[in-house]
Amino acid sequence: MEQGPIEFTLNGVTMYAKDGQSVVEAARENGTYIPTLCDYKSLPPAGTCRICTVRAGGRIVSGCTTPVSHGMVVESESPELVDLRKGLIEMLFVEGNHMCPSCEKSGDCELQALAYRYRIEVPRFPFSFTNRAIDASLPHLVLEHNRCIQCLRCVRGVKSRGGHDIFGFKNRGRDIRITVDTTDPDALSEETARKAMAICPVGALLTKGLHYLTPIGERHYDETPIGTDVEKGGDGS
Ligand code: SF4
């Protein structure tokens, strides 16, 4: 028997979801943006960044990994949740070195765009002034470890022609580093490097070559602040 749409409420508004849809997906389809950083288009959710934290059925959960259920009451924009989300964004800024004015991803960076959305000026936490060595040894890609937010989008979304992982991680905690499998010399082609840069929400993966072709001020989030496409009925892509 085919099931009908699942009715739930988000921030007091009645919405409908398909069976198996996550809170983030269902909200997006109903024109409400719930911010995320690790969530990306068709990739399976990872729930690593917790930016999409919501209160669902009375519990604090990550919206990208929580399926909607009948009658579920979800809140995503209460003062408590907004403050929590801002705190997570601020922590990402102080943990890395995100020098926006000198970053090629400025204007296309989701972390920067979220900071603008939440009007973050000075983080409430002290900067850790990390100084991780930048790896420019690959032919087509620079790894800027100081900006990696460990969202796993590159690990989940960039594969070799044979479907194998190209990106991975080594170490733990503050020493965690993104790694690239260099055993297959064809794995990280110029095209794959471009895909990796596009999939990375920040400026941690940068292709080598010509940059700044689109001036800062005319880039994606300069023109369309993050989330506003969804709020106007777009799909956020
Ligand atoms: S390199 Fe970019 S895409 Fe990969 S984990 Fe770090 S921030 Fe995410």
Side-chain angles (χ1 to χ4, degrees), residues 24 35-53 62-65 85 88-100 102-117 120 123 127-128 130-160 163-182 184 187-209 211 219-221 226 236-237:
V24 165
T36 64
L37 282 172
C38 66
D39 195 49
Y40 187 75
K41 296 183 180 171
S42 56
L43 294 184
T48 59
C49 74
R50 300 279 155 177
I51 300 292
C52 67
T53 295
S62 77
C64 69
T65 55
R85 193 170 296 138
L88 290 170
I89 295 166
E90 289 171 30
M91 275 197 267
L92 291 174
F93 271 99
V94 301
E95 195 281 328
N97 286 340
H98 298 276
M99 307 301 182
C100 299
S102 61
C103 180
E104 163 59 15
K105 263 305 198 52
S106 185
D108 290 323
C109 170
E110 294 174 39
L111 179 63
Q112 180 196 42
L114 283 178
Y116 280 125
R117 181 178 176 91
I120 293 169
F127 282 92
S128 61
T130 54
N131 187 16
R132 302 174 188 129
I134 297 169
D135 183 351
S137 63
L138 295 164
H140 303 298
L141 198 68
V142 174
L143 309 182
E144 215 313 11
H145 295 292
N146 298 291
R147 297 183 188 143
C148 176
I149 59 168
Q150 291 111 44
C151 67
L152 303 181
R153 275 165 51 159
C154 57
V155 177
R156 288 173 291 147
V158 185
K159 305 286 177 185
S160 70
H164 302 298
D165 287 355
I166 296 174
F167 291 90
F169 276 99
K170 68 176 180 186
N171 306 336
R172 302 173 78 86
R174 290 175 63 82
D175 294 325
I176 197 165
R177 297 284 185 282
I178 198 81
T179 58
V180 175
D181 179 3
T182 51
D184 175 356
L188 201 54
S189 65
E190 206 170 341
E191 186 192 344
T192 314
R194 273 199 299 274
K195 182 175 178 189
M197 181 172 166
I199 216 169
C200 180
V202 292
L205 302 176
L206 300 170
T207 55
K208 289 183 175 176
H211 280 296
R219 297 178 173 194
H220 183 65
Y221 296 121
I226 197 162
S237 57

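As a basis for the values below, the full set of heavy atoms in this structure was taken, side chains included, without hydrogen atoms, waters or symmetry mates. Every number for a ligand or one of its atoms is a count from 1 in the order of the listing.
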Apply side-chain hydrogen bond (donor to acceptor under 3.5 Å, both in side chains) to T130 and E95, showing your working.
-> CA-CA 7 Å; T130 54; E95 195 281 328; 5.8 Å; no

How about Y116: does its OH atom have over 12 heavy atoms from other parts shown lying under 6.0 Å from it?
-> no

Tell me, with the steps shown, if S62 and C52 meet side-chain contact (heavy atoms from CB on, under 4.5 Å).
-> CA-CA 6 Å; S62 77; C52 67; 4.1 Å; yes

Non-hydrogen atoms of G47 and C38 that approach each other most closely | N-SG, 3.8 Å

Per-residue contact class, V202 against ligand 1 - non-hydrogen pairs under 4.0 Å = side chain

I51 to L114 - nearest heavy-atom pair and separation | CG2-CD1, 4.0 Å

Of all protein heavy atoms, the one nearest atom 6 (Fe) of ligand 1 is C148 SG, 2.4 Å

So, C151 and atom 6 (Fe) of ligand 1: N/O/S under 2.8 Å, yes or no?
-> no

Taking the non-hydrogen atoms of F167, is any one of them nearer than 4.0 angstrom to ligand 1?
-> no

Using only heavy-atom distances, determine whether the side chains of Q112 and S106 contain a donor-acceptor pair under 3.5 Å.
-> yes

With backbone taken as N, CA, C and O and side chain as the heavy atoms from C-beta onward, which portion of Y40 lies under 4.0 Å from ligand 1: side chain, backbone, both, or neither?
-> neither

Name the closest protein heavy atom to atom 7 (S) of ligand 1, giving the residue it belongs to and the distance to 0.1 Å.
-> I149 N, 3.4 Å

In terms of residue, atom name and distance, what is the protein heavy atom nearest to atom 2 (Fe) of ligand 1?
-> C200 SG, 2.4 Å

In short, L152 meets F169 closest at the heavy-atom pair CD2-CE1, 3.0 Å

Considering only non-hydrogen protein atoms, determine which one is nearest to atom 4 (Fe) of ligand 1 and report residue, atom name and distance to 0.1 Å.
-> C154 SG, 2.3 Å

Protein residue, atom and distance nearest to atom 1 (S) of ligand 1, heavy-atom basis | L205 CG, 3.6 Å

Pull out every atom of ligand 1 sitting under 4.0 Å from any heavy atom of F169, numbered as shown with elements.
-> 5 (S)

Taking every heavy atom of K208 against every heavy atom of L138, the minimum-distance pair comes out as NZ-O, 2.5 Å

If you measure from each heavy atom of I199 to ligand 1, is any distance below 4.0 Å?
-> no

